[in-house]
Amino acid sequence: MRLEVHKFGGTSVGDAARMRGVAEIVENAARATRLVVVTSATAGTTDRLAALAAAAGNGDRARALEILDTIRASHARVVDELGLGDSSVRAEIDRLVEELGELASATAIVGALAPRTRDRILAAGEKLAARLLAAAVRARGVIATARDADTFLETDDRFGEAAALPGVAERTIDAALRPSLERGEVPIVTGFIGRSPDGATTVLGRGGSDLSATLIAAALRADEVTIWTDVDGVYSADPGVVPEARPIRQLNFREAAEMSYYGAKVLHQRTMIPVSALSIPVRTRNTFDPAAEGTVVDGRVTPGSHPVKAVTAVRAQALVSIEGRGMAGVPGIAERVFRALARRGISVTMISQSSSESSICLAVPEEQADAAETELKRELRADLSRGEIDEVAVRRGVGLVAAVGLGMAQTPGVAARVFAALAARRLNVLAIAQGSSELNISLAVDEAETPEAVRALHAEFELDRLDTGEDTTRRLDILLLGWGKIGRALAGLLLDRDAHFFERFGLTPRIVAIADSSGWLFRPNGFSPEELRRLVVSKAEGRALASLGDARTGGGTEMVRHATSYRLARPILVDVTGSDASPATFLEAFRAGCDAVTANKKPLAHDLATFRALTEAARATRRRLRAEATVGAGLPVMDTLEMLLSTGDRLLAAEGCLSGTLGFLMTRLEEGEPFSRAVAEAVRLGYTEPDPVADLTGQDVARKAVILGRLSGLADSEAPLVPEGLVDEALAGLPLPSLLEKLQAYDRPLAARVARARESGAVLRYVARVTEGRIEVGPREVPLDSPAGRLHGTDNMIVFTSERYRSRPLVVMGPGAGVDVTAMGVLGDILRIAAERR
Ligand code: ADP
Ligand code: ASP
Ligand code: MG
């Protein structure tokens, strides 16, 4: 039958209500499996006992007994509140308290506290708690007995920090607990304590009940250990220091060991040692919220979506550095240093040696700094006097910060990010060390700066975001705003060219979120090609996203907020809508660390304040905002502009034909087709906006011209732009048949205009012209043999005149409208960003 060990921390047994909750957990577990319970002292008791011991050691008997009375009272209260007054537990508590009183009095008379006496005093907290809990569990009809581990958990005699005796402890634990388990009892064992070879009570170090639990689990070959505490598991950082820290779902034994070694108080430093070789999983769960999932520590290696899983810190350290030019040639100095420290039982928490070998720097707990200094100076006396070593320097008030995660070994650049993040916050690194396992990077900082350093690293590695559970180092995540023709064409391009992108950029783009006007869908690990194809089909059949399975209703901003609560890779928001609502979504995206690409002209062509807010937000967050597809679809218009500006050229004018629809109409007019028939044809061919009037009034071209003016800096002031249209704006919104009928009124005047132009060797073109501080948009006569004159059909053209390209301007020309080339323009922007962020 299955055997589990459940350990309850001090806060879990802190008062009567908690004790009742724990008894319920034990009762439920006991129904399902065989069970050993390990308990800590009730919250605050071990601290009080330590104070009691100190008072007694100082000869202050009165103070010691005063503290004892508080302890007695708090336990008696729980007995009363649990209604256990009639049971034997009250007598047992009184006996323990009496014993403690005698011990305290005796110690106070001597006026000195022997380490073994201190341990005996400290151990009383767990003994009291075990009796209370056993009584509470028995009251629920479970057969349970309190068991004192100082009768069977064999340790060495390092009082205060005792270690279990290998080989021996396993046997004695098994011998002590197995029979009661076989009788169907639940042993309620004191955590934290053991027995020295001469039979004295020892303690395993503060927080040692976790270790008691895993020692017992290993000895009994239990199936699982659960450590119940007051938080939802092991967090990505101490939640008291980093409020946005998150529970980690799974840790490898080595990651958990590293975390606790470097200060994560939730697990005692040595907790994982007994169980890791046996692969007994250790869960950490919250007694206050037993339904929360918690953390499991086991043998799996799951780097997930990030190389760093957690950031921890230990405070109250000191840095000892041994420096000297003469050290390089002298063998064995490091060895002598460590031997000297070991002799005094000083634990070294971090070692870093410079490659020049002219210094050794190590960290020790601050309370051992004096001892370390004395011992090292003694050991190195001769070397110091010969001048081979210049000095042994000690710096107190140091904190050690560690970034921990097995994924670091495979990921280059983690150390660089650690230092950049600290440097960005002006935090000074005093020493660094990377374990040879590449499981952690640890560094020493000024103690006062440790919380800030922890927060800096936590933010750098985005540990506040949910793990997608998948390695994202080679991904590029796309959040798609809009699932119309362009969005779907883009999805098709991404699917088809997957392999090419990887070859070219070492990255695989994947769509993780899609919104249409009805709602949105999100897949933290990307939509599968099959699902994308299904979505393409269902949308083309007219079904909105919101009508699908797990879609959520709500706008793009909500989609971005939700998606970026996950740890995405190089997220890019792509706007292929025609919506007015995008600016807010863009702002949210920048804030959350996304770059942005837009084919939608509105956000950039909107009022100047919006344009400025967007570009300013992008700059402040160091994000990209690219808009190639807003002008000339896939033609390299913005690219060319960027190239000119970034090479220090000065733009004088940008002008051209920016509408495929109007280009097509002009060509048809030249061929003698009446205007209204040409428009009907354009509509039929899908060249127009849903309402063709938006094209015919020149509004669409005007937006492009404004974007050009703003992005080139040529015309970025508020000047209102009234395009000179081909038709009256009042026609907007008419049903197509009546619109086409009304357009007949324009047939003759336009034909006349075209004829007039031809007579003077010119043709009519719909032209946009951007010069310093000025934007013009309207139909113009241009010479037949000019670039614009030679333009045919839906092709676009743009002419850049700059200082460098003055006498012979630079021309970009080609297909500038249509779904596929627009999608291609968007893709080009995505790849630009990929190239920058890879
Ligand atoms: P218990 O009494 O249950 O043994 P502890 O106080 O020893 O509880 O450990 C739990 C506490 O550890 C939490 O309340 C939290 O404040 C602190 N802590 C520090 N680092 C972490 C971390 N990385 N994850 C979770 N808790 C942490
Ligand atoms: N009660 C002991 C302490 O407070 C042991 C533990 O809680 O794990 O350190
Ligand atoms: Mg603890």
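Keep in mind that the numbers below use all heavy atoms, side chains included, and drop hydrogens, waters and symmetry copies. Counting convention: from 1, in listed order, for ligands and their atoms alike.
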Tell me, which protein residue and heavy-atom name are nearest [atom], and how many Å apart are they?
| atom | value |
| --- | --- |
| atom 3 (C) of ligand 2 | Arg206 NE, 3.3 Å |
| atom 7 (O) of ligand 2 | Ser40 OG, 3.2 Å |
| atom 1 (N) of ligand 2 | Glu126 OE2, 2.6 Å |
| atom 6 (C) of ligand 2 | Ser209 OG, 3.4 Å |

Task: Within 45° cone of Phe288 ring axis and under 6.0 Å: Arg18 NZ or CZ - done: yes
- [ ] Determine the sole option in Val282, Leu215, Ile280 for which the side chain to side chain contact (heavy atoms under 4.5 Å, CB included) test with Pro274 is passed.
- [x]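 When side chain to side chain contact (heavy atoms under 4.5 Å, CB included) is applied between Pro274 and each of Val282, Leu215, Ile280, only Leu215 qualifies.
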TODO: Taking only heavy atoms of Thr46 into account, list the atoms of ligand 2 that are under 4.0 Å away from them.
DONE: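 Those of ligand 2 that fall under 4.0 Å from Thr46 are 1 (N), 2 (C), 3 (C), 4 (O).
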- [ ] List the steps, then state whether side chain to side chain donor-acceptor pair (under 3.5 Å) holds for Arg147 with Ser180.
- [x] CA-CA 10 Å; Arg147 302 293 301 270; Ser180 14; 3.1 Å; yes
Flag for [Y]-[X]: side-chain donor and acceptor within less than 3.5 Å:
| X | Y | result |
| --- | --- | --- |
| Thr107 | Thr117 | no |
| Thr302 | Lys309 | yes |
| Thr201 | Asp150 | yes |

Pairwise, report which nitrogen or oxygen atoms of ligand 1 are under 3.5 angstrom from protein nitrogen or oxygen atoms, and how far apart they are.
| residue | atom | partner | partner atom | Å |
| --- | --- | --- | --- | --- |
| ligand 1 | 2 (O) | Gly10 | N | 3.1 |
| ligand 1 | 3 (O) | Thr229 | OG1 | 2.7 |
| ligand 1 | 4 (O) | Lys7 | NZ | 3.2 |
| ligand 1 | 6 (O) | Lys265 | NZ | 2.9 |
| ligand 1 | 8 (O) | Thr229 | OG1 | 3.2 |
| ligand 1 | 14 (O) | Asp230 | OD1 | 2.8 |
| ligand 1 | 14 (O) | Asp230 | OD2 | 3.3 |
| ligand 1 | 23 (N) | Tyr235 | O | 3.1 |
| ligand 1 | 24 (N) | Tyr235 | N | 2.8 |

- [ ] For Gly208 and ligand 2, answer yes if some heavy atom of the residue is under 4.0 Å from a ligand atom, otherwise no.
- [x] yes
Open item on the list: Is Gly207 close enough to touch ligand 2? Criterion: a residue heavy atom under 4.0 Å from a ligand atom.
Closed with: yes
Open item on the list: Using side-chain contact (heavy atoms from CB on, under 4.5 Å), reason through Arg425 and Glu460 one step at a time and then give a plain yes or no.
Closed with: CA-CA 11 Å; Arg425 300 210 189 184; Glu460 172 61 31; over 6 Å; no
Open item on the list: Check this for me - ligand 2, Lys7, N or O atoms closer than 3.5 angstrom, yes or no?
Closed with: no
Open item on the list: I want to know if ligand 2 touches Asp210 in the polar sense, i.e. an N/O pair below 3.5 angstrom.
Closed with: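 So ligand 2 has no N or O lying under 3.5 Å from an N or O of Asp210.
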Open item on the list: Do Arg116 and Asp119 make a side-chain contact, defined as non-hydrogen atoms from C-beta onward lying under 4.5 Å apart?
Closed with: no
- [ ] With sequence neighbours left out, write down each residue that passes ring-ring contact (aromatic ring centres under 6.0 Å, His included) with Tyr235, or none if nothing qualifies.
- [x]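 So Tyr235 forms no ring-ring contact (aromatic ring centres under 6.0 Å, His included) with any residue.
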TODO: Starting from the C-alpha separation in whole Å, work towards a yes-or-no answer on salt bridge (Lys or Arg N to Asp or Glu O under 4.0 Å) for Arg20 and Glu24.
DONE: CA-CA 6 Å; Arg20 212 175 278 128; Glu24 192 183 331; over 6 Å; no
